[in-house]
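Report on one structure; see the data block that follows.
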Amino acid sequence: MSRIIERFAQLGRDDRTALIPYLTAGDPEPAATVPLLQAVAAAGADLIELGVPFSDPMADGPVIQAACERALAQQTRLRDVLDMTADFRHKDPNTPLILMTYCNPIAAMGERAFAMAAAAAGVDGVLVVDLPPEEAQATRDALLGEGLDPIFLLAPTSSDERIGKVAAQARGYIYYVSLRGTTGADRLDFDDAAKCIARIRARTALPIGIGFGIKDAATAARAAELADAVIVGSALVQTAHEADDACAAVSALMQELRRGLDARAVQGGDA
């Protein structure tokens, strides 16, 4: 059983919603990545998504696009990200870590070589943003062969057929993109998300994480009413970029988010 599956099982027993922060590797500088990973873990992260900088991050909004540009300007490449992951895993053997990337970096390394290197570095799952389930067999086989969970995206526009295909191939959890747009947007429609997540739940027993548009304790708490995990990216990336002390600032935001989720859980238990 993977660390991802074990963590969600434990959260389910505790009736808690997972908090999953996203960080871009190499931003605001490469030396900051491992300390930031440690900081979010200490501040309440249940799982962590780490983005591999890419030159054409089509699913990402301006904040993460800019983070990728900064990281690439400092020569952060996939192998560097794997080294960062290995360093973090040496310091933290328990927190599940998911790499979020695009097809090109994996293709450049080779699917099997990437899967082997990711597993050796302590990665637990991989989300390839631009890999549809119809084209995922080779990558999925390589990941599963090394004990890694392939994570897939679903969106408000996903058809029942697409949901079924993703449900059949995904492991660990499913990432529900709550907005018809890029990361960092703020138009989250909770009623629409509730309907879409209900359609997904009808076709899978996997945990569902909701991301895009979640930026503070209030939106995190509302999202937690719908999903098993709340994923926060752009708000954390922007906070790290703007702060004089990135670790302290990110920790403070994480603690705010964690309090929002935990307060919602207490209120739900009293209802």
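Just so you know, these numbers use all the heavy atoms, side chains as well, and skip hydrogens, waters and symmetry mates.
A heavy-atom distance below 4.5 Å is found between the side chains of Ile200 and Tyr176. Residues Leu11 and Pro207 form no side-chain contact, since every pair of their non-hydrogen atoms from C-beta on lies 4.5 Å or further apart. By the 4.5 Å heavy-atom criterion applied to side chains, Arg3 and Asp149 are not counted as neighbours. Taking 4.5 Å as the limit, every side-chain heavy atom of Lys215 sits out of range of all side-chain heavy atoms of Ser234. Between Gln255 and Ser251, some side-chain heavy-atom pair lies under the 4.5 Å cut-off. With a 4.5 Å cut-off on side-chain heavy atoms, Ile214 and Ile231 do not count as touching. Residues Asp46 and Ile20 have side chains not in contact (no heavy-atom distance under 4.5 Å, counting atoms from C-beta outward).
Formation of a donor-acceptor pair under 3.5 Å by the Asp92 side chain with backbone atoms of Asn94 is found in this model. Remark: side-chain polar atoms of Asp80 are paired, donor with acceptor, to backbone N or O of Arg77 under 3.5 angstrom. Side chain of Glu49 to main chain of Thr24: no donor-acceptor pair is present (N/O by atom type, distance under 3.5 Å, no hydrogens or angles). Side-chain N or O atoms of Ser158 include none that pairs as donor or acceptor with a backbone N or O of Leu154 at under 3.5 Å. At distances below 3.5 Å, not a single donor-acceptor pair connects side-chain atoms of Arg112 with backbone N or O atoms of Thr139. Under the 3.5 Å distance criterion, the side-chain polar atoms of Gln74 are matched with a main-chain donor or acceptor of Arg70. Listed for the Arg203 side chain is a donor-acceptor partner under 3.5 Å among the backbone atoms of Arg199. In this structure, Glu146 contributes its side chain and Ala119 its backbone to no donor-acceptor pair below 3.5 Å.
Residue-environment remark: NZ (Lys91) exceeds the threshold of 12 foreign heavy atoms within 6.0 Å. The 12-atom threshold is not exceeded at CD of Glu161, counting heavy atoms of other residues, nucleotides or ligands nearer than 6.0 Å. Residue-environment remark: CE (Met116) stays at or below the threshold of 12 foreign heavy atoms within 6.0 Å.
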Might you work through the side chain to side chain donor-acceptor pair (under 3.5 Å) test for Glu69 and Gln65, ending with a clear yes or no? CA-CA 6 Å; Glu69 291 173 2; Gln65 287 181 14; over 6 Å; no
Asp228 and Arg201: salt bridge (Lys or Arg N to Asp or Glu O under 4.0 Å), yes or no, with the steps? CA-CA 11 Å; Asp228 305 290; Arg201 288 202 190 280; 3.0 Å; yes
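Across every non-hydrogen atom of Ala43 and Met254, the tightest pair is CB-CB, 3.6 Å. Of all heavy-atom pairs between Ala45 and Ile48, the closest is CB-CG1, 4.0 Å. Closest approach of Ala170 to Leu206, counting heavy atoms only: O-CD1, 3.5 Å. Closest approach of Ala113 to Met109, counting heavy atoms only: CB-O, 3.6 Å. Leu257 and Ala217 get closest at one heavy-atom pair: CD2-N, 3.8 Å. The two atoms that bring Met84 and Thr76 nearest to each other are CE-CG2, 3.9 Å, heavy atoms only.
For Tyr175 and Phe152, the gap between ring centers reaches or exceeds 6.0 Å.
Leu50 contributes atom CG, which lies 6.0 Å from atom CG of Leu99 (distance to the nearest 0.5 angstrom). Distance check, rounded to the nearest 0.5 Å: CG of Leu37 to CG of Leu23 gives 6.0 Å. Atom OG1 of Thr17 and atom CG of Asp262 lie 9.0 Å apart (nearest 0.5 Å). Atom OG1 of residue Thr33 and atom CG of residue Asp27 lie 7.5 Å apart, to the nearest 0.5 angstrom. Separation of atoms OG (Ser2) and CG (Leu148) is listed at 9.0 Å; rounding is to 0.5 Å. Between atom CD1 of residue Ile210 and atom CD1 of residue Ile174 there is a gap of 13.5 Å, rounded to the nearest 0.5 Å.
The pair Asp83-Arg79 fails the salt-bridge criterion, with no side-chain N (NZ, NE, NH1 or NH2) lying under 4.0 Å from an Asp/Glu carboxylate O. Residues Arg222 and Asp216 are not paired through a salt bridge, judged by the lack of any N-O separation under 4.0 Å between the basic side chain and the carboxylate.
In this model, a donor atom of one side chain and an acceptor atom of the other lie less than 3.5 Å apart for Gln10 and Arg13.
Arg89 is linked by a salt bridge (Lys or Arg N to Asp or Glu O under 4.0 Å) to Asp124, counting only residues two or more places apart in sequence or in another chain.
Ring geometry for Phe54 against Tyr102 counts as parallel: the plane angle stays under 30°, on a 0 to 90° scale with 60° as the upper cut.
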